[in-house]
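Report on one structure; see the data block that follows.
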Amino acid sequence: MTEYAHGITSGAVARRLGVAPTTLRSWDRRYGIGPAAREDGRHRRWTPADIAVLEEMCRLTASGVPPAEAARTARAGAAPPPPRVRAPAGTAPAPSSTAPAPRAGAGGGLPLGRARQECRGLGRAAVRLDAAAMDEMLGSLIEEYGLVTAWEEVMAPALHAVGRKWETSDDRYVEVEHLLSWHVSSALRRVSTARPALRAGTPPVLLACVPNEQHTLPLEALAAGLAELGLPTRMFGAAVPPEALDQAVRRTGPAAVVLWAQARSTANPPLARHVADTSWGVKGARTRTTVLLAGPGWAGPPPAPGMLRPGGLREAMALLRALCDAADTGPAVAGAGPAAAR
């Protein structure tokens, strides 16, 4: 039986198309953009034809058409779905020809390629500047799929698509990028604040963007992931001055330092080597930290032996968890920390 055999719920439609459930109810009440049939007279079930109309409504409003006019156009263009043919027993059902087709790059859409359906929904919500829909989608995505999958398969691709749209649209959609970035950041911070109890006695992981680097969202995703693992972090954000980073390392005795560089022009190999060479602790038992080079700006061989270059959020979390485990049991941990940093 296909996903659309008996229609799908309003919640599922909202997630797919990036529309807040309250917006769906409002469009149904004001413009008649709603499911043609309701189960038991109460529960709303959307058929392929209903979804096709709704998708056209979303596309038109995202391109600036007033909602009332968009609704008239969407309803006028709706075509009845072909009769459904029951597949013979034991065979896979053919996909419905009236299922909503992706519209990447059409109208006000984003170039999302083959991204998963939820990514398209988030992109559409961002183009419409629908804050409520973005908040609801981001929260449900993290809850349903987990932080790593939500970041790698939905949030990051949507952010990249917005960036590409901005670059190719004569500086249009800047407001879309800013709003989406804010809501992604807010969702990640909610994960960080809802963290379990931190592991006592574990040295922190320092997270910092190199000087002149302003992109912090990947580090915020990493901070949220480490918080889920109960690992302590110190997040210093964008464009951290070298002197400030040096003092932070000496004062905290971290298990690791993550340096983010989005572009080759901001990557700073001398700074990475300086951090890796910085030592702290009592004389005769001084220790150093491990440097992780994160971001596409660090492409190529690491600036020095011993530095790690994770390929993504999942790998970075695994490496940092192992480093924190080693710091918990290593003999050098006793000399680390603010009191010993000189």
Side-chain angles (χ1 to χ4, degrees), residues 119 138-139 141-143 145-160 163 180-199 202-240 244-245 248-249 252-263 266-268 271-272 275-276 289-299 302 306-328:
C119 181
L138 289 166
L141 283 168
I142 293 172
E143 182 178 355
Y145 298 113
L147 172 70
V148 175
T149 299
W151 169 258
E152 293 185 338
E153 298 190 25
V154 181
M155 298 183 203
L159 288 163
H160 293 158
L180 177 59
S181 296
W182 170 259
H183 284 279
V184 169
S185 177
S186 298
L188 295 172
R189 293 191 187 192
R190 283 193 292 270
V191 174
S192 297
T193 56
R195 63 192 179 191
L198 297 179
R199 285 167 32 171
T202 300
V205 175
L206 269 57
L207 308 172
C209 290
V210 296
N212 302 316
E213 179 58 70
Q214 299 294 331
H215 294 81
T216 63
L217 285 176
L219 281 186
E220 293 178 45
L222 180 55
L226 296 177
E228 284 192 333
L229 298 177
L231 300 178
T233 61
R234 300 291 185 273
M235 172 61 154
F236 291 92
V240 181
L245 183 60
V249 171
T252 61
V257 176
V258 181
L259 299 177
W260 177 268
Q262 180 72 21
T266 60
N268 193 324
L271 177 62
V275 172
T289 191
T290 299
V291 174
L292 271 72
L293 306 174
W298 296 107
M307 295 183 184
L308 304 175
R309 196 151 60 84
L313 177 59
R314 195 181 305 272
E315 184 180 352
M317 289 173 58
L319 288 171
L320 291 168
R321 185 173 195 171
L323 289 169
C324 287
D325 289 342
D328 277 344

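Between the W298 side chain and the L259 main chain, a donor and an acceptor come within less than 3.5 Å of each other. Judged by distance alone, the side chain of T233 and the main-chain N or O of A223 form no donor-acceptor pair under 3.5 Å.
The line from CD of E153 to OH of Y145 is 9.0 Å long, rounded to the nearest 0.5 Å. To the nearest 0.5 Å, atoms CG (L147) and CG (L229) are separated by 9.5 Å. The structure places OG1 of T149 at 10.5 Å from CG of L141, a figure rounded to the nearest 0.5 Å. The structure places CG of L138 at 8.0 Å from CG of L188, a figure rounded to the nearest 0.5 Å. Rounded to the nearest 0.5 Å, atoms CG (L292) and CG (L206) are 12.0 Å apart. Put simply, SG on C209 and NE2 on H215 are 9.0 Å apart, with the number rounded to the nearest 0.5 Å.
Between P296 and W260, the closest side-chain pair of non-hydrogen atoms falls below 4.5 Å. Annotation: side chain of P232 is not in contact with side chain of V205 (no heavy-atom distance under 4.5 Å).
Taking both residues in full, the closest heavy atoms of A276 and M307 are given as CB-CE, 3.9 Å, listed atom of the first, atom of the second, then distance. In plain terms, the two heavy atoms of A227 and S192 that are nearest each other are CB-CA, 3.9 Å. The shortest heavy-atom contact between G253 and P203 is O-CB, 3.4 Å. The two atoms that bring P254 and T289 nearest to each other are O-OG1, 3.1 Å, heavy atoms only. In terms of heavy atoms, T216 sits closest to G237 at CG2-C, 4.0 Å. Contact record, E213 with A263: OE1-N, 3.8 Å, taken as the closest heavy-atom pair.
With sequence neighbours left out, the salt bridge (Lys or Arg N to Asp or Glu O under 4.0 Å) criterion links E220 to R189. Take R234 and apply the salt bridge (Lys or Arg N to Asp or Glu O under 4.0 Å) test, not counting sequence neighbours, and it matches no residue.
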Review item, side-chain donor-acceptor pairs of residues 311-322, under 3.5 Å, at least two apart:
| residue | atom | partner | partner atom | Å |
| --- | --- | --- | --- | --- |
| E315 | OE1 | G311 | N | 2.7 |

Requested in this report: List the steps and the verdict of side chain to side chain contact (heavy atoms under 4.5 Å, CB included) for L308 and L323.
Outcome: CA-CA 11 Å; L308 304 175; L323 289 169; 4.3 Å; yes

Query raised in the report: Could you walk me through whether I142 and M155 pass the side chain to side chain contact (heavy atoms under 4.5 Å, CB included) check?
Result: CA-CA 10 Å; I142 293 172; M155 298 183 203; 3.5 Å; yes

Report task. Take L159 and L217 through the test side chain to side chain contact (heavy atoms under 4.5 Å, CB included) and record every step on the way to the result. Result -> CA-CA 10 Å; L159 288 163; L217 285 176; 3.7 Å; yes

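For the side-chain contact (heavy atoms from CB on, under 4.5 Å) criterion with M235, the lone passing option out of L226, L222, L207 is L207.
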